[in-house]
*Asks:* 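Below is a structure I'd like to ask you about.
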Amino acid sequence: MKTRFILIILIIFPLLATAQYNMNTLNNSMRIQQQQSRSMHQQMNNQNAQWARERQINMQQQQMRYMMSHSKNRIETAESKLATEERRLKKLEEKSKEKEADLKTEQDKLINLQNNPENNNDSNQQKNIEKSKKQIAKSEEKLSKTKTEIEDRSKKIEDFKKEVEAAKLEKEELTKKHEEEKKTKTEEKEKKKKEKTKYTLSQ
């Protein structure tokens with residue numbers, strides 16, 4: 001009986017040992033596979049995250065290029081409008097000087113008509129004085145209108161100058177931001193390169 005028992009143990013023991021060895025090997029193999037799977041999963045996650053970052057950076061750069069182009073157009077448009085308004089203002093100022101000179105001539109003419117003692121009783125003289133007064137009133141009205149236009153143009157010029165300054169400031173800020181993003185992208189590329197080198201060496 002004892003002999004049988006010992007014989008059974010001797011037969012079963014190698015089988016158990018082999019089974020145990022096979023189990024350990026299987027467990028080790030599964031552990032390695034899990035580690036490899038985790039490693040691959042991590043790499044995929046890293047790669048996806050990197051692609052997402054790159055997509056986001058590319059979108060930001062496209063948006064930045066659009067904004068910079070828009071800012072440049074805004075500056076050019078404002079500068080063009082400013083130049084046009086400055087030319088118009090110069091013409092109005094010349095026109096105003098001419099009207100002031102004409103008004104002065106008409107006022108001097110009226111003073112001469114009023115101070116001429118020879119024609120005081122002449123009915124034509126009185127008509128000429130009235131006509132001269134009406135002409136002066138018209139000239140004063142035209143001059144006043146021109147001066148109002150000059151004020152309006154001057155205000156528009158100031159507004160355009162402010163617009164140009166604001167657009168230039170915006171462009172400056174965008175350029176600075178663009179440079180920062182380019183630097184960030186370069187750093188990302190360097191980081192990616194280092195990670196790739198590190199991973200290759202670890203294999």
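The first residue in the sequence is number 1, and the count goes up from there. Everything numeric here is computed off the predicted structure, so don't read it as measured data.
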*Asks:* Would you say Ile136 and Leu143 are hydrophobically clustered, going by side-chain heavy atoms of ILVMFWY under 4.5 Å?
*Replies:* yes
*Asks:* For the atom pair CH2 (Trp51) and CZ (Arg55), what is the distance rounded to the nearest 0.5 Å?
*Replies:* 8.5 Å
*Asks:* Considering non-hydrogen atoms only, spot the tightest contact between Ser71 and Ala167 and give its length.
*Replies:* OG-O, 3.4 Å
*Asks:* Measuring from Ile129:CD1 to Asn112:CG, what's the distance to the nearest 0.5 Å?
*Replies:* 11.0 Å
*Asks:* Could you grab the distance from atom CG of Leu89 to atom OG of Ser96, nearest 0.5 Å is fine?
*Replies:* 10.0 Å
*Asks:* Does Asp108 have any side-chain hydrogen bond (donor to acceptor under 3.5 Å, both in side chains) partners at least two apart in sequence or in another chain, and if so, which?
*Replies:* Lys104
*Asks:* Test of understanding: with side-chain hydrogen bond (donor to acceptor under 3.5 Å, both in side chains), list the residues that count as partners of Gln56, not counting sequence neighbours.
*Replies:* none
*Asks:* Suppose we screen for side-chain contact (heavy atoms from CB on, under 4.5 Å). Which residues come up paired with Met67, at least two apart in sequence or across chains?
*Replies:* Gln63, Leu174
*Asks:* Can you run down the salt bridge (charged side-chain N to carboxylate O under 4.0 Å, His left out) pairs that involve residues 130-149, sequence neighbours left out, and say none if there aren't any?
*Replies:* Glu100-Lys147
*Asks:* So, using side-chain hydrogen bond (donor to acceptor under 3.5 Å, both in side chains) as the criterion, who are the partners of Thr146 when residues are at least two apart?
*Replies:* Lys99
*Asks:* Applying side-chain contact (heavy atoms from CB on, under 4.5 Å), name anything that partners Gln135, two or more places apart in sequence or on another chain.
*Replies:* Glu106, Ser139
*Asks:* Using distance only, find each side-chain donor-acceptor pair of residues 74-83 under 3.5 Å and give its atom names and separation, not counting sequence neighbours.
*Replies:*
residue, atom, partner, partner atom, Å
Arg74, NH1, Glu170, OE1, 3.2
Thr77, OG1, Asn73, O, 2.8

*Asks:* In terms of hydrophobic clustering (I, L, V, M, F, W, Y; side-chain heavy atoms under 4.5 Å; direct or indirect links), are Phe160 and Leu92 co-clustered?
*Replies:* yes
*Asks:* Taking side-chain hydrogen bond (donor to acceptor under 3.5 Å, both in side chains) as the definition, give me every residue that meets it alongside Lys182, ordered by chain and number, with sequence neighbours left out.
*Replies:* none
*Asks:* Could you give all pairs that pass the side-chain hydrogen bond (donor to acceptor under 3.5 Å, both in side chains) test and reach residues 152-167, with sequence neighbours left out?
*Replies:* Glu85-Arg153
*Asks:* Look at the side chain of Ser132 and the backbone N and O of Asn128, then say whether any donor-acceptor pair between them is shorter than 3.5 Å.
*Replies:* no
